[in-house]
A.B. asks: 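Take a look at the following structure, please.
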Amino acid sequence: MTLSHCQDACAERTYLYAGLAYGSECYCGNYLPLNRAKEKECNNECKGEKGSVCGGVSRLSVFRLDNLQASAKQRRNVTYRGCFRAPENVTRIFPVSFANLTVEMCSEFCSDKEYPLAIVKWSECFCGYPTVQFNLYEPLDESLCAGYLNGTNESEALREENYCSVYQTPVQDTRCTDRKFLPIKSKVFIALSSFPGAGNTWVRHLIEHATGYYTGSYYFDGTLYNKGFKGEKDHWRSGRTICVKTHESGKREIEMYDSSILLIRNPYKALIAEFNRKCGGHLGYATERHWKSREWPEFVNSYASWWASHALDWLQYGKKLLVVHYEDLKMDLIGKLREMLAFLKVHINEDRLLCVENNKDGNFKRIGSSQSSLEPFTQEMKNVIDGYIRTVDKALKARNFTGLPGEYMPR
């Protein structure tokens, strides 16, 4: 985190103020806090910029973004989502509207009003969120909205049809970003178990935003705590979190939990992801030097067997299991998330799910380009990993679970 990185990020999202705290946390908003603190209480050095101050403990260094907003508006990333049938009672579903605006003016207007969607219906502009009545799941033929996009005068019959063009503004959908600890301590301990590199942090992000409750961890990772995973500091048996991250295996560790979500990812992808994390942090990449060093084959030699033993142990000792394959979650995010929420026995809020879909990546995509096109796995490595894949696939089927996705299987 640096001062300019935070300010640019907030300006691009149309906010008026940027605030930094704890040396690494960035907040955006349009209103100043009521109480001004003493300047000396902002004493945490920015983690990414030596010599600069990024707030303090429960203290914000605040910057006004007037000058940055003008240039940020020029590079706002507005994405066309498609042509859709407008919902009935459109003015009731979309909270803000304005007449006689072009597509560009509508997108700008909705961005300034802090809405993630700009909806154009002829010359009418509406701002809002995806809702149950307007979920953007069924796009129509583009020709039905062509008149809106190029300004041509179509027949009155077409003009009366309920078609609209939808644009995604740079504004974040914030309906699912509020989270808290469980109001009543749970006596049931649910594990979110995975091999490292299988996407555990991403799934925690999805669960937290879908439920509104923090997830916990068997470990403590300060980087994740600073990214908003406030359950990191809780003891894993505090009972205040919806589920608990763990990479542990073995009978004793597994039987401490009443039930478990077992997250499995293609071992080839998981090994690469975990090696990237070890060498480049949560959002970085290993360099070509790392891949060509002795460290990589030694890593594969020890971690590939762990990928298999982790899954096998949880299949053997887990009391109540929901198996989720990372690849299936990527393909059917909402469907698989519904399965996890039902397993967690949490009420499903449809608007939160739509919000999660809009914020599905969170801040967990690796930054920049990936490693070179160098093939990191030797044939000897592949032979060993393929054997582990067959073993885990057989164990899944023996417990009446669906086997591993086809893309895992040796070819």
Side-chain angles (χ1 to χ4, degrees), residues 1-2 5 9 23-26 46-50 192-206 217-229 232 245-249 263-311 324-327 329-330 360-389 392 404-405 407-411:
M1 182 55 60
T2 68
H5 179 53
S24 62
E25 296 185 6
C26 176
C46 301
K47 296 289 177 68
E49 187 176 14
K50 288 189 183 244
L192 175 61
S193 177
S194 73
F195 173 76
N200 200 302
T201 300
W202 177 55
V203 174
R204 289 177 70 187
H205 161 79
L206 296 175
S217 178
Y218 190 69
Y219 321 98
F220 170 69
D221 187 325
T223 300
L224 294 182
Y225 179 81
N226 288 334
K227 283 185 173 292
F229 290 93
E232 282 287 316
K245 163 191 172 177
T246 181
H247 298 312
E248 301 300 305
S249 52
L263 179 65
I264 301 177
R265 187 181 186 183
N266 185 325
Y268 287 102
K269 301 289 180 63
L271 288 167
I272 287 174
E274 177 61 7
F275 191 67
N276 277 324
R277 188 196 67 80
K278 279 185 168 293
C279 298
H282 282 285
L283 299 178
Y285 288 96
T287 65
E288 191 164 333
R289 179 179 60 82
H290 288 119
W291 295 107
K292 291 182 176 180
S293 71
R294 290 178 54 190
E295 188 178 356
W296 168 241
E298 289 172 357
F299 173 86
V300 173
N301 186 50
S302 61
Y303 274 66
S305 60
W306 181 15
W307 175 86
S309 65
H310 178 274
V324 176
H325 297 289
Y326 174 91
E327 293 74 18
L329 185 60
K330 294 283 283 187
K360 61 184 178 184
D361 290 329
N363 299 314
F364 309 107
K365 277 197 167 181
R366 297 191 182 276
I367 299 168
S369 58
S370 63
Q371 67 271 7
S372 67
S373 56
L374 176 74
E375 168 55 62
F377 296 99
T378 65
Q379 189 57 52
E380 184 180 357
M381 291 176 183
K382 291 178 182 179
N383 292 340
V384 172
I385 295 170
D386 288 351
Y388 291 139
I389 289 173
V392 172
L404 294 173
E407 72 166 74
Y408 291 31
M409 305 312 292
R411 287 175 172 79

A.B. asks: Evaluate whether atom NZ of Lys382 has more than 12 neighbouring non-hydrogen atoms of other residues, nucleotides or ligands under 6.0 angstrom away.
C.D. replies: yes
A.B. asks: Which word best sums up how the rings of Tyr303 and Phe195 line up, parallel for under 30°, tilted for 30 to 60°, or perpendicular for over 60°?
C.D. replies: perpendicular
A.B. asks: Do the side chains of His310 and Ser193 get nearer than 4.5 Å, heavy atoms only?
C.D. replies: yes
A.B. asks: Tell me the closest heavy-atom pair linking Ser217 and Glu232, and the distance in Å.
C.D. replies: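 Shortest heavy-atom separation between Ser217 and Glu232 comes out as CB-OE2, 3.4 Å.
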A.B. asks: Passes side-chain contact (heavy atoms from CB on, under 4.5 Å), His290 versus Glu295? Steps please.
C.D. replies: CA-CA 7 Å; His290 288 119; Glu295 188 178 356; 4.0 Å; yes
A.B. asks: Could you walk me through whether Val203 and Val324 pass side-chain contact (heavy atoms from CB on, under 4.5 Å), step by step?
C.D. replies: CA-CA 10 Å; Val203 174; Val324 176; over 6 Å; no
A.B. asks: Report yes if some heavy atom in the side chain of Phe229 is under 4.5 Å from a heavy atom in the side chain of Asp221; otherwise report no.
C.D. replies: no
A.B. asks: Classify the ring geometry between Phe275 and Trp291 as parallel (under 30°), tilted (30 to 60°) or perpendicular (over 60°).
C.D. replies: tilted
A.B. asks: Is the count of non-hydrogen atoms from other residues, nucleotides or ligands lying under 6.0 Å from His5 atom NE2 greater than 12?
C.D. replies: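 Check fails, neighbour count at 12 or below.
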A.B. asks: Is it true that atom CD of Glu298 has more than 12 heavy atoms of other residues, nucleotides or ligands lying nearer than 6.0 Å?
C.D. replies: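 Correct, the count exceeds 12.
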A.B. asks: Between Tyr225 and Glu25, does any side-chain donor sit less than 3.5 Å from a side-chain acceptor?
C.D. replies: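 No pair is found: no donor N or O on one side chain lies under 3.5 Å from an acceptor on the other.
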A.B. asks: With under 30° as parallel and over 60° as perpendicular, where do the rings of Phe377 and Tyr268 fit, or are they tilted in between?
C.D. replies: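 Perpendicular.
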A.B. asks: Below 4.5 Å, heavy atoms only, C-beta onward: do Trp306 and Glu274 meet side chain to side chain?
C.D. replies: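 A side-chain contact is absent here, since even the closest heavy-atom pair is not under 4.5 Å.
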